Amino acid sequence: MKFLAVHPSSLMYTKIYLRLEPLGLELVAQAVRQEGHEVRILDLQVEDHKAYLACLNSWKPDVVAFSCNYLANVPEIVDLAKLTKATRSNTFVFVGGHSASFVAREFLEHAEGAIDCVLKGEGEVSVPILLTAVEHDRKAITKVPGVVTLDGEGPAAQFVESLDNLRPARDLLRHRRKYFIGVLDPCASIEFARGCPWDCSFCSAWTFYGRSYRMVSPEKAVDELAQVQEPGIFLVDDVAFIQGKQGLEIGEAIARRGIKKQYYLETRGDVLLRNKEVFKFWKTIGLQYMFIGVEAIDEEGLRMHRKRISLGKNFEALEFARSLGITVAINLIADPDWDRKRFEVIRQWCLEIPEIVNISVNTPYPGTESWHTESRKFQTRDYRLFDIQHAVLPTRLPLPEFYEELVRTQQVLNKKHLGWAALKSTAGLAAGHLLRGQTNFVKMLWKFNSVYNPKLQMADHQRPVSYEMGLPPPAQERINSKSLYILPPKGRQGRAIDDSTEQFVEITRMGSSL
Ligand code: B12
Ligand code: SF4
């Protein structure tokens, strides 16, 4: 069969700082190709809806699969599914990915028959099974692991047995030079591990992966890396090198093979402090950027997000990261409850430190614990505003003032790390990129004001809403931890959602012994 895999368009955030290859969709595409199907990938982050329609009409795929990792892309995908069925009614259309897994039923309802099913969880195992059913026995669709149709749910989603057996279909992307992050231009993505054993209240990484943590072997990691053409590498792991041993073994294998690349990764402060030698070693083999999810600069904020790390440890981690001489970026979560004074304190702090500070807005996503506890207060249920750059909860300041303060605070980042300030410190690099025809990084430096603008953010709230997100059923307001998971909770016993000291100690120990 002809299988077209589609990644939706960029959101606000990725219009400036980065654009990354759709690694999850490439893995799904490869699993399908291995079964002998003809496969294409279309990435709407770099192509437009016209290109999609053209492909639909000229190539005539039998199956179209949309990847939906981001809630804000739901309306776009529903509309594209409707367009697909209106254009070629025999096309089988389905959706998968992180966000689709948490809003599967609603997705199908919004689409009014234009989406045949949603597949929850990891796609590598289930998509080939689904395609066999589509080709030979449509009734068997309801038996595919993780399937949801308007008639009901199939068996539970299945984990990939070994990450070592996976290969992304990188060759199917038509515009590989468009992917970049900051000065890593062009940049490919790679995965060394999957899942996260922590359980922050605002995050759905752990509920998606059932709190499992699986790793790629150092041999496989290095073999894959050696085949990547791009000089920049974005490590997609939620928390890099939780197991220091794996990080070190991969690093040493990279050094032995003489692979020369530049890397970006994301980790936690406590993991960094526990595995200092690993990160030091990675600096010698090309680690350029590190992102640390600090989230709050007060103990109360850290407790609220259940980060299970103290403020002191986060600051110690920042000191250490600085000492490595790499570019460090951190994230802070702006609470809708912030007043002008609070924004001012944050701004001052951002000005005092050398790190790149990214500010996101506290947004309860389906699949997170905070969705169960906070969603009744939503001021809007427009999916498009759930991109952590808009306020969906009631703000203490009037909304226009909240956005003014937010953008003023984000502007510190613009002043320090974008525009002429950035060009001055990266002139040589930028010139090199331009000579090689790579313009992503240089274009990024002047985009801030056209994307971050309080008036535009306010206008986004005024758009007509075609599809509204549902709410959790009231009976579930007291969270049943099992109901949160897409893939069944794996790992140690006793990891119920619980904020007690014992649990904190258990997680901390677990982190060090993982
Ligand atoms: C790398 C990453 C990014 C990259 C984007 C890479 C890309 N082009 O897709 C960057 C840094 C740009 C990014 C940005 C954002 N991200 Co992000 N990101 C991630 C991260 C850490 C890893 C994603 C990844 O590559 N995983 C590895 C691959 C192999 O897995 P995968 O893509 O999930 O694919 C698997 C399954 O989902 C499924 N699947 C995927 N597609 C399909 C399609 C079909 C048909 C099927 C059946 C299955 C299927 O099968 C795949 C293989 O198992 C996830 C966290 C996570 N662990 O998933 C957050 C995550 C997806 N991001 C999140 C968010 C909020 C954002 C931002 C809005 C803000 C932010 N914090 O950065 C922006 C907006 C992105 C945009 N579209 O513009 C949230 C999503 C919340 C939500 N429900 O919407 C997550 C879950 C983080 C979190 N902890 O909450 N992100
Ligand atoms: S440590 Fe990071 S990935 Fe893990 S639950 Fe917390 S925010 Fe999510």
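Just follow the structure's listing: the first ligand is 1, and inside any ligand the first atom is 1. Nothing here was measured: the structure is a model prediction, and the numbers come from that model.
For F402 and W338, the ring centers are positioned 6.0 Å apart or more. Here the two rings, on F102 and Y365, have centers that are 6.0 Å apart or farther. Taking the six-membered ring for Trp, H98 and Y209 have ring centres at least 6.0 Å apart. Taking the six-membered ring wherever Trp is involved, the centroid distance between the rings of F378 and F386 falls below 6.0 Å. Residues Y403 and H461 bring their aromatic ring centres within 6.0 Å.
Compare N73, L20, T368 by their heavy atoms: the one nearest to atom 6 (C) of ligand 1 is in L20. When G96, G24, G121 are checked for heavy-atom proximity to atom 38 (C) of ligand 1, G121 turns out nearest.
At a heavy-atom distance under 4.0 Å, only side-chain atoms of F234, from C-beta outward, approach ligand 1. Residue contacts with ligand 1 for E21 involve N, CA, C or O but no side-chain atom from C-beta outward (heavy atoms, distance under 4.0 Å). The backbone of F66, and not its side chain, has at least one atom closer than 4.0 Å to an atom of ligand 1 (non-hydrogen atoms only; backbone = N, CA, C, O). Contacts with ligand 1 closer than 4.0 Å are made by no heavy atom of V160, backbone or side chain. The proximity of F102 to ligand 1, defined as any non-hydrogen pair under 4.0 Å, does not occur for either the backbone or the side chain. With a 4.0 Å heavy-atom cut-off, ligand 1 is reached by the side chain of L27 but not by its N, CA, C or O. Both the backbone and the side chain of L71 come within 4.0 Å of ligand 1, judged by heavy-atom distances. Residue Y70 touches ligand 1 through backbone and side chain together, judged by heavy-atom distances below 4.0 Å.
Near F94, meaning under 4.0 Å from any of its heavy atoms, are these atoms of ligand 1: 45 (C), 47 (C). Atoms of ligand 2 found under 4.0 Å from any heavy atom of R268 (numbered from 1 in listed order, with element): 1 (S). Close approach of ligand 2 to C196 (heavy-atom distance below 4.0 Å) involves ligand atoms 1 (S), 3 (S), 4 (Fe), 5 (S). Counting the atoms of ligand 1 from 1 in the order shown, those under 4.0 Å from a heavy atom of S99 are 82 (C), 83 (N), 84 (O). Each of the atoms 5 (S) of ligand 2 lies under 4.0 Å from some heavy atom of W206.
In this structure, R308 is not positioned above the aromatic face of W198 in the sense of NZ or CZ being under 6.0 Å from the six-membered ring centre and within 45° of the axis.
In this structure, K307 pairs ionically with E295, as a charged nitrogen and a carboxylate oxygen lie closer than 4.0 Å. Taking 4.0 Å as the cut-off between side-chain N and carboxylate O, D460 and R384 do not count as a salt-bridged pair. A salt bridge between E122 and R194 is present, with a side-chain N of the basic residue lying under 4.0 Å from a carboxylate O of the acidic one. Between D116 and K85 there is a salt bridge, since at least one side-chain N of the basic residue sits less than 4.0 Å from a carboxylate O of the acidic one. Salt-bridge check for E224 with R170: passed, with a basic side-chain N closer than 4.0 Å to an acidic carboxylate O.
Under 2.8 Å from atom 4 (Fe) of ligand 2 lies no N/O/S atom of C203, from backbone or side chain alike. At a cut-off of 2.8 Å, C200 is counted among the residues with an N, O or S atom near atom 6 (Fe) of ligand 2.
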